[in-house]
Protein chains: 2
Amino acid sequence: MTTPQLTKNQSLVFEVLEKAEGPLSAYTILDKLRDHGFRAPLQVYRALEKLLEYGVVHRLESINSFVACAHPGDNCHSHGIVAFAICESCGQVMEFHDHEVDHRLMGWVRGQNFKPEKTTIEIRGLCEACAA
Amino acid sequence: MTTPQLTKNQSLVFEVLEKAEGPLSAYTILDKLRDHGFRAPLQVYRALEKLLEYGVVHRLESINSFVACAHPGDNCHSHGIVAFAICESCGQVMEFHDHEVDHRLMGWVRGQNFKPEKTTIEIRGLCEACAA
DNA sequence: TTGCACACGTTATAGCATAACGCAATTGAT
DNA sequence: ATCAATTGCGTTATGCTATAACGTGTGCAA
Ligand SMILES: [Zn+2]
Ligand SMILES: [Zn+2]
Ligand SMILES: [Zn+2]
Ligand SMILES: [Zn+2]
């Protein structure tokens, strides 16, 4: 999937996520964009929907939040499954790919004739700084 | 973690999950237990909290639902990371463990000096029956 | 011109989860 | 036996997350 020109709202939401230190909830994004005319959650969710589709933003299911892709330029969709390490103390997120993990998981589901669409891997814990 | 005697509410919630075909949301559980005196979400959430702690129930982060552990007798906590394949059509859930996946993920985070606490692996897609 | 696709704005509603209070039963010292 | 601490429970209220439903405007192709 190639990323088309972003609309105004999509650009605003994406910029907020890019500048953020860590993942943000949709409502936090909304608050940060009220000065730019955002008034309702749907404005955020509709932009996020497209940004997710384009692969430039990821959704963190375990914390109901969104984060800009850590691999600008690349398209994460082409890297297989994306995994995240999420610090529960400071909120920092590390994003990585592991083809061996992909291979094992996809091998298992294929053995069950299960047809995978979307895979979530999220590791919550403490980052190096916060664990010290 | 050994599983202590369940309280009344914990037993009721667990029985509902055991009998269910697939994962249930907390509010669905609540509705199924209204005839047994349940009136408020907290009664469900408090029971779930313990059942999750005991490892007899799992939470599916990507669909905000809960499911009874598929390995009664075993304690899933001792099996390392648990992975789920969730059918988006019929709701059926398959639970499995893969030590190689655990090993790769834990290896990666240790390389970052990240201290993992809880890991989520959820594959959404279509089960064999629904994909046909 | 007409029809369609798409982004957008607004209001309302649905769905998920926890805070805060108080009460009762249990347990385990003292 | 008494006291304190813990745990479970019930209730009300609130907060957070997400979508439904309706209407508007714009650009473009048939
Ligand atoms: Zn990415
Ligand atoms: Zn941290
Ligand atoms: Zn299990
Ligand atoms: Zn199915």
Side-chain angles (χ1 to χ4, degrees), chain A residues 1-17 20 22-54 56-67 86 88 91 118 120 122 124, chain B residues 1-17 20 22-54 56-67 86 88 91 118 120 122 124:
Chain A
M1 162 101 41
T2 177
T3 305
Q5 187 62 33
L6 298 184
T7 67
K8 184 158 185 356
N9 283 6
Q10 288 161 19
S11 296
L12 286 168
V13 169
F14 185 58
E15 283 162 20
V16 165
L17 283 174
L24 301 178
S25 77
Y27 278 75
T28 302
I29 297 170
L30 173 58
D31 287 339
K32 288 180 182 292
L33 288 175
R34 289 201 187 275
D35 294 343
H36 293 77
F38 274 50
R39 315 284 309 172
L42 219 50
Q43 296 174 280
V44 177
Y45 281 109
R46 289 205 271 232
L48 285 172
E49 186 179 21
K50 288 299 182 182
L51 296 171
L52 290 167
E53 182 182 328
Y54 303 152
V56 297
V57 163
H58 298 292
R59 175 187 171 87
L60 302 177
E61 306 279 2
S62 65
I63 57 174
N64 295 319
S65 294
F66 304 85
V67 67
I86 306 167
E88 300 195 285
K118 178 83 176 69
T120 297
E122 296 174 18
R124 289 168 319 287
Chain B
M1 164 98 44
T2 178
T3 305
Q5 187 63 33
L6 299 183
T7 67
K8 184 155 182 4
N9 284 4
Q10 289 161 18
S11 296
L12 287 168
V13 169
F14 184 58
E15 281 162 21
V16 165
L17 284 174
L24 301 178
S25 76
Y27 278 73
T28 301
I29 296 169
L30 173 58
D31 287 339
K32 288 179 181 294
L33 288 175
R34 288 199 188 276
D35 294 342
H36 292 77
F38 276 50
R39 313 283 311 171
L42 258 189
Q43 296 174 280
V44 177
Y45 281 109
R46 290 205 272 232
L48 286 172
E49 185 179 23
K50 289 298 183 183
L51 296 171
L52 290 168
E53 182 183 327
Y54 303 151
V56 297
V57 163
H58 299 292
R59 176 189 169 85
L60 302 177
E61 306 279 1
S62 64
I63 57 173
N64 295 319
S65 294
F66 304 85
V67 67
I86 306 166
E88 299 194 287
K118 178 82 176 71
T120 296
E122 294 174 18
R124 292 175 308 293

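Just so it is clear: chains get the letters A, B, ... in the order the sequence lines come, proteins before strands, and each one is counted from 1. Please read all numbers here as calculations on a predicted model, not as lab measurements.
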| Proximity to the side chain of B/Leu42 - top-ranked nucleotide from C/dA19, C/dA17, C/dA7 |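 In terms of side-chain proximity for B/Leu42, the closest of C/dA19, C/dA17, C/dA7 is C/dA19.
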| A/Ala40 has a side chain; which of C/dC8, C/dT10, C/dC16 sits nearest to it? |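 Nearest to the side chain of A/Ala40 among the choices is C/dT10.
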State, yes or no, whether a side-chain contact exists between [X] and [Y] at a heavy-atom distance under 4.5 Å.
| X | Y | result |
| --- | --- | --- |
| B/Phe38 | B/Val13 | yes |
| A/Leu24 | A/Lys32 | yes |
| B/Leu51 | B/Leu6 | yes |

If only side-chain N and O atoms of [X] are considered, is one of them under 4.0 Å from the OP1 or OP2 phosphate oxygen of [N]?
| X | N | result |
| --- | --- | --- |
| A/Gln43 | C/dG9 | yes |
| B/Arg59 | C/dA17 | yes |
| A/Asn9 | C/dA7 | no |
| B/Tyr45 | C/dA17 | yes |
| B/Ser25 | C/dC16 | yes |

| task | Answer yes or no: is there an ion pair linking B/Glu49 with B/Arg46, defined by an N-O contact shorter than 4.0 Å? | result |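 Here B/Glu49 does not pair with B/Arg46 in a salt bridge, since their nearest N and O are not under 4.0 Å apart.
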| request: Let me know, please, whether B/Asn64 or B/Pro41 comes out on the 5' side of the other along DNA chain D by nearest nucleotide. | output: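 Nearest-nucleotide comparison on DNA chain D picks B/Pro41.
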Rounded to the Å, how far apart are [X] [atom1] and [N] [atom2]?
| X | N | atom1 | atom2 | answer |
| --- | --- | --- | --- | --- |
| A/Gln10 | C/dA7 | CD | P | 6 Å |
| B/Leu30 | C/dT18 | CG | C1' | 15 Å |
| A/Lys8 | C/dC6 | NZ | C1' | 18 Å |
| B/Asp31 | C/dC16 | CG | C1' | 13 Å |
| B/Gln5 | C/dA25 | CD | P | 19 Å |
| B/Ile29 | C/dG15 | CD1 | C1' | 14 Å |
| A/His36 | C/dC8 | NE2 | P | 15 Å |

| Test item: A/Glu122 side-chain N/O and A/Glu61 main-chain N/O as donor-acceptor pair under 3.5 Å |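 Between the backbone of A/Glu61 and the side chain of A/Glu122 there is a qualifying donor-acceptor contact (under 3.5 Å).
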| task | Ignoring hydrogens and angles, tell me if any N or O in the side chain of B/Glu15 forms a donor-acceptor pair with the backbone of B/Leu12 under 3.5 Å. | result |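 A pair under 3.5 Å: no.
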| query | When all nucleic acid strands are considered with a 4.0 Å heavy-atom cut-off, which category describes B/Arg39: base, sugar-phosphate, or nothing? | reply |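 Sugar-phosphate, backbone atoms only, no base.
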| task | Decide whether B/Thr120 and A/Arg124 meet the rule of one side-chain donor and one side-chain acceptor closer than 3.5 Å. | result |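 Side chains of B/Thr120 and A/Arg124: pair found under 3.5 Å.
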| If you find the nucleotide of DNA chain C closest to B/Phe66 and the one closest to B/Arg46, which residue's nucleotide is nearer the 5' end? |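 Result of the comparison: B/Phe66.
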| task | Extract, from 5' to 3' on DNA chain D, the first and final nucleotides lying under 4.0 angstrom from some heavy atom of chain B. | result |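 Contact boundaries, 5' end first: D/dG8 to D/dT12.
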